[in-house]
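All values below come from the heavy atoms of this structure, side chains included, with hydrogens, waters and symmetry mates left out.
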Amino acid sequence: MNKVFRELSGWLVAALVFAAVAAILTGGSLLENVGRRMEVQEEDFSSMADSKAVAAVCERKEPIIRCIGEKIWSAGENISISQVFEAEDAEGRELEITVIDITDQEGNSVINCYREDMQQAVFWEKGIYTFLLKAIDKERKTCTEKMPILIDQR
């Protein structure tokens with residue numbers, strides 16, 4: 001029994017070594033063939049409708065906010081945002097302006113002088129007040145501008 005076991009173990013070791021070498025050699029070439037089959041040609045997405053739409057939005061100019069009214073006002077006078085500022089998109093359509101903040105010449109916020117429901121501001125003291133304005137077009141392009149006005153006692 002001992003002789004049989006020694007003889008079979010010799011054959012078994014040789015068979016395992018042969019199988020390992022064969023697996024390494026065929027495995028390398030097999031993985032290489034699988035890798036070659038997995039190579040995919042790149043697709044060009046630039047001609048697709050979604051890509052063109054995104055490119056058009058990215059190339060679109062942002063809205064413009066400008067001062068159209070007086071820049072000097074009297075203390076206590078009602079200042080309507082639509083009389084002083086206007087915003088338009090790239091096609092020239094009028095946009096709504098949102099007042100984000102109003103600061104005085106020291107940089108302190110005086111947004112409490114602004115009535116959002118009426119879109120009017122009233123300043124009781126003379127000075128320079130800076131409006132932080134924002135406009136958004138239909139493509140969600142945003143413009144934020146700081147526009148100063150002067151309140152004087154005249």
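To the nearest 0.5 Å, atoms OG (S74) and NZ (K126) are separated by 12.5 Å. In this structure, I81 CD1 and E116 CD are separated by 10.5 Å, a value rounded to the nearest 0.5 Å. The structure places CD1 of I72 at 7.0 Å from CG of D152, a figure rounded to the nearest 0.5 Å. With rounding to the nearest 0.5 angstrom, the CD1 atom of I128 is 6.0 Å from the CG atom of L150. Between Q83 atom CD and N78 atom CG the span is 9.0 Å, to the nearest 0.5 Å. The distance from the NZ atom of K71 to the CD1 atom of I149 is 9.5 Å, given to the nearest 0.5 Å.
Heavy atoms from other residues, nucleotides or ligands lying under 6.0 Å from CD of Q105 number more than 12.
By the criterion of side-chain heavy atoms lying less than 4.5 angstrom apart, applied directly or through intervening Ile, Leu, Val, Met, Phe, Trp or Tyr residues, V99 is grouped together with F85 in one hydrophobic cluster. Under the 4.5 Å side-chain contact rule for hydrophobic residues, M147 and Y129 share a cluster. The same ILVMFWY cluster, assembled from side-chain heavy atoms under 4.5 Å apart, contains both W73 and I111.
In terms of heavy atoms, A75 sits closest to W124 at CB-O, 3.7 Å. Scanning all heavy atoms of the two residues, the minimum distance from A87 to I65 falls at CB-CG1, 3.9 Å. Taking both residues in full, the closest heavy atoms of K134 and I136 are given as CE-CD1, 3.7 Å, listed atom of the first, atom of the second, then distance. The heavy-atom pair separating E62 from C143 by the smallest distance is OE2-SG, 4.4 Å.
Applying the side-chain contact (heavy atoms from CB on, under 4.5 Å) rule to D117 yields the partners R115; only residues at least two apart in sequence or on another chain are considered. With sequence neighbours left out, D101 forms a side-chain hydrogen bond (donor to acceptor under 3.5 Å, both in side chains) with S109. Partners of Y114 according to the ring-ring contact (aromatic ring centres under 6.0 Å, His included) rule, which considers only residues two or more places apart in sequence or in another chain, do not exist here. Listed by chain and number, the residues in a side-chain hydrogen bond (donor to acceptor under 3.5 Å, both in side chains) with S82 are S80 (sequence neighbours excluded).
Evaluation of the salt bridge (charged side-chain N to carboxylate O under 4.0 Å, His left out) test over residues 136-151, restricted to residues two or more places apart or in two chains, returns R60-D137. Pairs engaging residues 48-68 under the ring-ring contact (aromatic ring centres under 6.0 Å, His included) rule: none recorded [sequence neighbours left out].
If you run side chain to side chain contact (heavy atoms under 4.5 Å, CB included) between L133 and each of I97, V84, T144, only I97 comes through.
Using a 30° and 60° split on the angle between ring planes, F123 and F131 fall in the perpendicular class, above 60°.
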